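The structure appears below as structure tokens.
As the structure is a computational prediction, the values presented were derived from the model and not from experiment. One-based numbering, in listed order, for ligands and for the atoms of each. The figures here come from the full heavy-atom set of this structure, side chains too, leaving out hydrogens, waters and symmetry mates.
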Amino acid sequence: MSEPEVVIKASSISFPRDRKISFTNGELISYDPATLQENGRVKVSSEEDVQVAVAHAHQAFPLWSSIPLGERISNLKRLSNLIYDDVEEIAALVSRECGKPKIEALTSEILPVLNMISVYTSQAEKWLAAEKPPFFWLAWLLGKSAKITYKPFGVVGVITPWNYPFYYDFGPALMALLAGNTVILKPSEYTPLVGKKAQELFAKLNLPPGTFQVIHGAGDVGQALIRARVDKIAFTGSPKTARAVLATAAERLTPVVMELGGKDAAIVLEDAPLETTAAGVAWAGLTSAGQVCASVERVYVSEKIAKPFIDRLVNNVQGLRMGQGLDPEVDMGPLTNERQLEIVKGHLRQAVEHGAQVLTGGKTKDQGLFFEPAVLVGVDRSMSLMREETFGPALPVVAVKDEEEAVRLANDSSFGLTASVWSLNRERAEKVAQRLRAGAVTINDHAVSAGLPNMPWGGIGESGFGRIHGRQGMQEFVYPSVIVGERFPRWKRLWWYPYNQKSYQFFRSLLVFLTNKPLLDKIRAISHLWRNLDLRRLH
Ligand code: NDP
């Protein structure tokens, strides 16, 4: 397959308001959402390119999967230095394609990826090791021993979103490759240059040809990838697209791991430290301009501290400096694309029409895709702002009577990605955490487990299923395959042909040992077993 061409250049092409991209159009254009200037172009993969890439990946699989795990680990470990050497270029690229401040590219994309490489490569041997199940007397009696081995699926298709492009272009791919699969990555149409950079970095490892490939394009290229006989899909994106992915995957019964959206709640109890909590909640709702699957999108604060908490939250939000992410003195960049800006504006408009008050922010700017971060009160579940994923810089706050009401409202969501509890009482916070329907709950911070690669990441409900990261994440990219051994290979088995009355009675007597019948019944069964054991059948 020919390499997609990338030309990085500044131009004055204006941002197309309804950009339509298809894999027949030839090129994908990347824009800086702060300036609306072009970042560069990537050649879009045709359906044939996708099929060729998948064929190459299938050809590479037997070789890559047969390379001993230790060697695969040493190969992939080399990525850390390569990433480190290009860190400034990567941070700037992420910032220019997503709009986020460079420091966020560093703290929530590059640093976690280096951490993933370090943790995955040190843990892979343990996480992928064969397991001996606990002793089971009947299997032992029948002469069997068994173990579980973990085998790679084959070709894994990785489809990623635009909000954390570097983090997601690497995370699932690293796990899949370590486990012995070959990988085809389809980055978002909004962040193709980060995908291209991933391709360049992997190319420097000189893995067997076809082991890691990148295809470019919009949703139709994603669909072509799923249709092209991949063995597993790792999808990160919205629940709406997830349904389309599942529908196509269903045609071949291709297994899928789904990391989807969120509507995270932050519960602020009355003993939470006000200054710290307001600063933390502001960050958790607004980092990456709120375009985080695990953004705080609902705040439930005890009515006892609601007023001072909201005042401090508004102060924090008003102090944020907006601008182009490349400027190190900027706290918040623009939204990444116009589609997202429209969703955020729509949620706020509808909330205000239904009685919500905007305490600060909520306006667009003349330049770029900027949207002033907003704090709202007077919100309720009738508003899409409180039910659907907003994925933007908006913090709706609700004062609650007590812990019970906070838990009930937090759980009243079709999403279940993460949540946070803010309190100085660790024991109480953990009890609240236990009651929340979410894949992770953080105390006095938010969603930090996304940066802990030894912890499973994922949600329930509309937030998806399956996990990435941690042992559970690694196991998404292998299937368990049981190997059963025989301790008496020269003997025939009692359950083989020919059947007769004696062998029936033998197994009939064995059943009682799997019941709660009295000991006397079991002692009697031993003599029946012995009487019906036809040793001549073994030879
Ligand atoms: P989308 O669902 O729009 O897209 C995700 C990926 O799927 C993109 O590469 C997209 O391509 C591709 N795609 C689009 N349509 C199809 C299709 N019909 N078949 C196959 N692939 C398709 O999500 P966004 O990119 O807008 O990302 C934001 C969403 O991702 C939010 O809901 C966010 O919460 C979620 N997310 C979840 C995370 C988690 O860990 N749970 C982490 C990060 C984000 P293209 O971009 O070219 O349209």
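- Between Phe166 and Phe170, the ring-plane angle classifies as tilted under the 30° and 60° cut-offs.
- Comparing Leu260, Ile468, Asp264 against atom 41 (N) of ligand 1, the shortest heavy-atom distance belongs to Leu260.
- Near Gly217, with a cut-off below 4.0 Å to any heavy atom, the atoms of ligand 1 are 47 (O).
- Within the 4.0 Å heavy-atom shell around ligand 1 one does not find Gln340.
- The closest non-hydrogen atom to atom 12 (C) of ligand 1, taken over Ile159, Ile233, Ile343, Thr336, comes from Ile159.
- Contacts between Arg339 and ligand 1, counted as non-hydrogen atom pairs separated by less than 4.0 Å, involve the side chain only.
- Proximity of Tyr164 to ligand 1, defined as any heavy-atom pair under 4.0 Å, is not found for any part of the residue.
- Neither the backbone nor the side chain of Gln291 comes within 4.0 Å of ligand 1, counting heavy atoms alone.
- Counting the atoms of ligand 1 from 1 in the order shown, those under 4.0 Å from a heavy atom of Gln223 are 17 (C), 18 (N), 19 (N), 20 (C).
- Proximity to Ser188 (heavy-atom distance under 4.0 Å) selects the following atoms of ligand 1: 9 (O), 46 (O), 47 (O).
- The heavy atom nearest to atom 6 (C) of ligand 1, considering only Thr418, Leu28, Thr160, is found in Thr160.
- Close contacts of ligand 1 with Ala218, meaning ligand atoms under 4.0 Å from a residue heavy atom, involve 47 (O).
- Relative ring orientation between Phe202 and Phe212 is described as parallel, the plane-to-plane angle staying below 30° on a 0-90° scale split at 30° and 60°.
- Contact atoms of ligand 1 toward Ala244: 18 (N) (distance under 4.0 Å to a heavy atom of the residue).
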